[in-house]
Amino acid sequence: MPDRPLYIHSLFVSYPKEVPSAQRIPYTAGAALDPDLLSRLARQVLNGQVQMVQMQNETMEDSLEADFRDGWATVYLVKEVHRYYEFLNHQFPHCQEPLSITGDGPTPKMHATRDFSLMAEILTHFARTGQPFPGCRWEETTH
């Protein structure tokens, strides 16, 4: 990928209603994705402005989805369509307490974090490399 500095091909960010339109990152794909946009996204994650992030590579075989709600965040990655990586919180590695972070039902606390700095690192690392961030634990499954 010598023509583009980022691994991802598309970025979609969802925001709560109170985030003004001028501050929102619009759906972005292809050459419009750049490191400055990624830095802006990381700042928004750190500031708690983001509700959901979706990233995909050009083939749509690798993707990331992150959700943020009520001071909690969760993230998972799909690699080569069938390998699934879900964030695993080292503080609660077995805690099944349900949290309402996504619109798809409860998320076990073991797959959630309050560390938005870590979330920003996870997102930027995936956007650059397409790989799970090595600075945290992941639960890997095959679908």
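Throughout, numbering of the chain's residues begins at 1 and tracks the sequence.
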Which donor-acceptor pairs under 3.5 Å do side chains of residues 118-125 form with protein atoms, sequence neighbours excluded?
from, atom 1, to, atom 2, distance (Å)
T124, OG1, A120, O, 3.0
T124, OG1, E121, O, 3.2
H125, NE2, T129, OG1, 3.3

Flag the pair Q96 / K109 as yes when at least one side-chain heavy-atom distance between them is below 4.5 Å, and no otherwise. no

Side-chain heavy atoms of H111 within contact of L88, under 4.5 Å: yes

At what distance, to the nearest 0.5 angstrom, does OG of S10 lie from CD1 of I8? 7.0 Å

pair L77-W138: side-chain heavy atoms closer than 4.5 Å: yes

Can you list every salt bridge (charged side-chain N to carboxylate O under 4.0 Å, His left out) pair that touches residues 27-52, not counting sequence neighbours? none

Is the shortest side-chain heavy-atom distance between L46 and S117 below 4.5 Å? yes

Which value, rounded to the nearest 0.5 Å, describes the distance between Y76 atom OH and F87 atom CZ? 16.0 Å

M52/E65 under side-chain contact (heavy atoms from CB on, under 4.5 Å): CA gap, chis, key distance, verdict: CA-CA 7 Å; M52 189 259 300; E65 183 165 331; 4.2 Å; yes

The side-chain hydrogen bond (donor to acceptor under 3.5 Å, both in side chains) partners of D67 (sequence neighbours excluded) come to none

To the nearest 0.5 Å, how far apart are OH in Y7 and CG in L64? 11.5 Å

Least distance between heavy atoms, P16 atom then Q51 atom: N-OE1, 3.7 Å

Atom CD of E61 and atom CD of E80: how far apart are they, to the nearest 0.5 Å? 7.5 Å

So, taking the atom named OG in S100 and the one named CZ in R69, what distance separates them when rounded to the nearest 0.5 Å? 7.0 Å

To the nearest 0.5 Å, what is the distance between OG1 (T142) and NZ (K79)? 13.5 Å

Between T59 and N57, is any side-chain donor less than 3.5 angstrom from a side-chain acceptor? yes

State which residues pass side-chain hydrogen bond (donor to acceptor under 3.5 Å, both in side chains) with Q131; sequence neighbours excluded, sorted by chain then number. none

Pairs where residues 13-32 contributes a residue and the test side chain to side chain donor-acceptor pair (under 3.5 Å) is met, not counting sequence neighbours: Y15-Q44, Q23-Q49

Determine whether the aromatic ring centres of F133 and F126 lie less than 6.0 Å apart. no

Single-linkage hydrophobic cluster V75~M110, side-chain heavy atoms < 4.5 angstrom: no

I'd like to know if V50 and L37 are part of one continuous hydrophobic network [Ile/Leu/Val/Met/Phe/Trp/Tyr, side-chain heavy atoms within less than 4.5 Å]. yes

So do the side chains of E140 and P132 get within less than 4.5 Å of each other, counting heavy atoms only? no

Transitive ILVMFWY cluster of W72 at side-chain heavy atoms under 4.5 Å: who else is in it? F92, L99, I101

Nearest heavy atoms of Q56 and S63, plus distance in Å: CG-CB, 3.7 Å

Are L6 and L38 close enough that some pair of their side-chain heavy atoms sits under 4.5 Å apart? yes

Can you find a heavy atom in the side chain of M55 that is under 4.5 Å from one in the side chain of L11? yes

Side-chain touch V53/F68, heavy atoms, less than 4.5 angstrom: yes

